[in-house]
Amino acid sequence: MDSRRLALIRSGETGAGRFSIGSGYLIAPRLVLTARHVLEDRDTGEFWPRISVHVGHHREGGTTRVEAERVWIHPEGLDVALLRLDREIDLAGSVRWGRPVGTAPLPYEALGYPWAAKSETRDPEHLRGVLPVLSGGRNRYVLDQGPAPAPRSGSGNAWGGASGAAIFCGRHLVGVVIQEDLAYGARRLIALPVSSFAGDCGFVSHVEEATAEPPEVSEIGAALPLAGPAAGRTPAERELERLLGPLFPYPGARVDHARALARELGYDADGYEPTAADLVALVMAHPRALASLGEIVASSAQGAVRDALTALFARARTIECAALLSANEYEQLVGLLRLVCEKRPVLLPQAAREAFRHLVLPEILTRPRLGEDDLGGVIEELEDLTDSAGVPQGTPPVPALLRLVEYVAAAVDDGLGDALRTWTDTTAGRLGIHAGALGERRADAVRWAKRPSSPVSRVVMELEHEDTDGEDRYRSRILLVRDDGSHRVLEAESAPKTPSEVASSLSEAVFAVGQEAGQGDQVPWVTVVVDRDGLHTAVDEWVPGEPDGILPVWPIGADYQVSLSCPELNAQFREREGAQDRRWKNGRTSVLVTGPDCGEGSRLMYLLKNTHRDTARVVLHGPTDARRSSLLVCLALGVPVVLWDRDAAGFEDAGRLEDLAPADDLEGLPERVRDFRGGSVSWPTQGRAQPSLVWEPESLIPMSGTLRFTDPSRGTRAL
């Protein structure tokens with residue numbers, strides 16, 4: 001890779017202020033390779049009329065600005081293009097084209113201009129990581145990025161602008177970055193392989209005209225890592241060499257095991273006779289290599305070798321030179337958990353919340369359900385953690401991942417459960433985990449799986465408004481409250497979301513509840529906790545996700561019984577909780593329907609303190625400003641149920657709520673409101689009411705902010 005050939009591409013309209021930024025690579029004096037979509041207006045799909053290119057790197061003498069024109073795109077629509085510059089930029093050297101082969105992952109690097117590296121100008125970023133040859137698909141290379149930015153909130157991509165960057169494995173150009181894989185949280189990019197377009201006759205003719213030779217794609221494989229000079233080895237490498245020594249009583253054992261490891265990692269191991277330092281280089285080059293080597297050795301290890309193997313794994317975790325699982329163990333576990341997700345997509349998060357009561361869960365395990373694409377993230381997050389419970393003295397701690405697998409195994413059918421337990425037995429044996437320690441976790445899991453679960457009676461969603469770049473966004477937290485009074489956090493505080501994204505999270509939560517044992521067909525009540533300003537937010541109108549073109553849009557208020565709660569007023573009005581209890585106890589059948597004679601302010605307060613002192617329900621009518629102030633008076637004085645039409649202009653619109661029978665039986669009111677909202681969507685008519693309902697539950701709503709560890713010292717991720 002030649003940094004002088006780096007290209008910053010700016011496509012846009014002259015004087016319009018609209019443009020796209022992308023990356024590219026100078027493959028000939030007047031040819032730049034890039035991604036096709038860099039040259040397109042994303043709003044219209046049309047190509048931009050003007051393209052300018054800055055070629056070079058500030059550390060190599062700066063950049064040269066030239067104008068360019070699009071001269072080739074792939075005839076089958078692949079995301080790749082060639083630009084012709086309006087003058088030559090002649091640099092020494094030429095481009096070699098390559099196609100990765102074999103199964104061993106290859107290191108890669110690239111230069112590009114991602115949004116995450118943006119300052120006052122676009123700065124170049126040195127992309128680097130691993131290209132796992134066996135991942136991806138047709139016309140797709142997966143790029144597991146080493147240094148990676150945080151995912152970008154909103155609709156933008158953290159890697160936006162890196163599209164078009166040329167990917168190099170060694171000295172060969174093997175692909176072009178075309179997109180970011182959002183499922184991996186900005187840690188993974190997708191590239192288009194050179195081999196998918198280098199044979200196109202149009203591409204060949206342009207390259208041949210510019211370089212006097214066609215692009216020849218060579219097969220390249222990963223070379224076996226070899227140790228460098230002794231003086232350059234890190235302390236971790238030297239310690240690992242010392243720890244590996246006792247595993248091999250004689251040099252031939254090291255060579256035999258090293259060859260087996262190299263073949264498992266996808267290398268051609270014929271003639272491979274590594275020194276001890278070379279073996280360390282091989283192990284350090286792949287995160288799962290040390291565990292894979294241990295798996296090979298453990299099959300025949302006894303006595304001192306077995307003890308040395310256990311010591312190796314324990315120390316390797318502390319110096320962070322290896323992943324917990326071998327490549328084989330990882331693939332087996334992914335396959336088993338994939339079956340779990342197909343049958344019960346909510347089980348993994350449920351089991352994790354029970355298995356790790358004293359642990360701050362990784363974000364991926366706070367989701368209501370998991371899919372196949374989430375499994376890699378779950379395993380990688382838990383590989384770094386132990387469950388922190390006791391083990392026999394002198395034995396290794398139990399990895400959190402093994403504890404979770406035991407809980408999942410206890411909750412699934414016998415065949416799959418037996419396969420998962422076999423996996424934990426084998427993995428624990430390789431790691432030297434004491435059988436009694438694993439058995440204790442297995443017994444805990446069985447007790448949990450057999451325990452009857454109380455149905456969920458209420459989903460509590462806390463909302464906090466956040467003005468992000470002028471956009472309407474909310475942080476949300478979701479809890480489940482059960483019939484027996486217990487509760488658990490289903491979604492910890494989220495990043496700011498759009499109303500549609502919040503509604504999607506709520507729908508996921510309700511789906512998860514429906515999958516729980518003992519829940520049956522009962523659909524839980526949704527209580528939306530807001531501050532006083534949020535009382536006037538039309539949360540019930542929020543629609544989950546994007547329209548699919550098949551089903552009509554359907555708001556959450558038409559699917560579930562959605563009501564509001566405003567517990568923040570309790571801190572300001574200390575008598576409020578007691579007043580709510582009294583009104584629930586004594587005034588369930590009493591209703592106050594406000595009219596012009598009720599007034600607002602002091603007159604309404606008089607009624608609620610005297611003739612309606614125990615009334616549990618108020619139906620508010622009147623002008624908007626008067627309703628807002630009357631609502632706060634009602635809530636401050638402990639009225640637990642308040643209904644109003646948020647679109648009403650005044651008292652003359654009071655009849656719009658009559659279809660709800662607002663003064664009829666109290667217990668049926670939430671369902672009547674839900675049904676009315678569904679009718680409003682199905683048969684929209686002008687002047688139809690838009691009901692809002694505050695319903696303060698009779699028992700105190702648990703809040704996520706009040707949750708604390710019962711024993712913080714046991715949480716390895718305690719905040």
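Quick caveat: nothing in here was measured; it's all calculated off a predicted structure.
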[X] side chain to [Y] backbone, donor-acceptor under 3.5 Å:
X      : Y      : result
Gln145 : Pro147 : yes
Ser163 : Val38  : no
His172 : Val174 : no
Asp200 : Gly202 : yes
Thr427 : Thr424 : no
Ser20  : Ser11  : no
Glu237 : Val280 : no
Ser23  : Gly161 : yes
Tyr25  : Leu111 : no
Asp278 : Ala227 : yes

Item to check | Partner of Pro105 under side-chain contact (heavy atoms from CB on, under 4.5 Å), chosen from Leu134, Leu265, Val130, Val142 | outcome: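 Testing Pro105 for a side-chain contact (heavy atoms from CB on, under 4.5 Å) against Leu134, Leu265, Val130, Val142 leaves exactly one candidate, Val130.
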
Checklist entry - Quick one: ring pair (Phe, Tyr, Trp, His ring centres under 6.0 Å) partners of Trp115, sequence neighbours excluded? => result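 Listed in chain order: nothing, the list is empty.
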
Looking at side-chain heavy atoms only, is the closest gap between [X] and [Y] below 4.5 Å?
X      : Y      : answer
Leu244 : Leu290 : yes
Leu365 : Leu382 : yes
Leu337 : Leu420 : yes
Phe197 : Pro215 : no
Val133 : Val101 : no

Checklist entry - Can you tell which of His74, Gln179, Arg36, His37 makes a side-chain hydrogen bond (donor to acceptor under 3.5 Å, both in side chains) with Asp79? => result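 Answer after filtering His74, Gln179, Arg36, His37: His37.
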
Checklist entry - Does NZ or CZ of Arg430 come closer than 6.0 Å to the centre of the six-membered ring of Phe313, within 45° of the ring's axis? => result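 The answer is yes; both the distance and angle limits are met.
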
Answer yes or no: is there an ion pair linking [X] with [Y], defined by an N-O contact shorter than 4.0 Å?
X      : Y      : result
Arg99  : Glu219 : yes
Glu295 : Arg288 : no
Arg238 : Glu241 : no

Next on the checklist: For Glu67, run the salt bridge (charged side-chain N to carboxylate O under 4.0 Å, His left out) check against Arg50, Arg84, Arg30 and tell me which one passes.
Outcome noted: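 With Glu67 as partner, Arg50, Arg84, Arg30 yield a single salt bridge (charged side-chain N to carboxylate O under 4.0 Å, His left out), made by Arg50.
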
Which atom of [X] lies closest to which atom of [Y], heavy atoms considered:
X      : Y      : answer
Leu31  : Ala210 : CD1-CB, 3.8 Å
Trp423 : Glu329 : NE1-O, 3.1 Å
Val204 : Ala198 : CG2-O, 3.2 Å

Next on the checklist: Test ring-ring contact (aromatic ring centres under 6.0 Å, His included) on His54 and Tyr113; report intermediate values, then the result.
Outcome noted: CA-CA 11 Å; His54 292 257; Tyr113 290 94; 8.9 Å; no

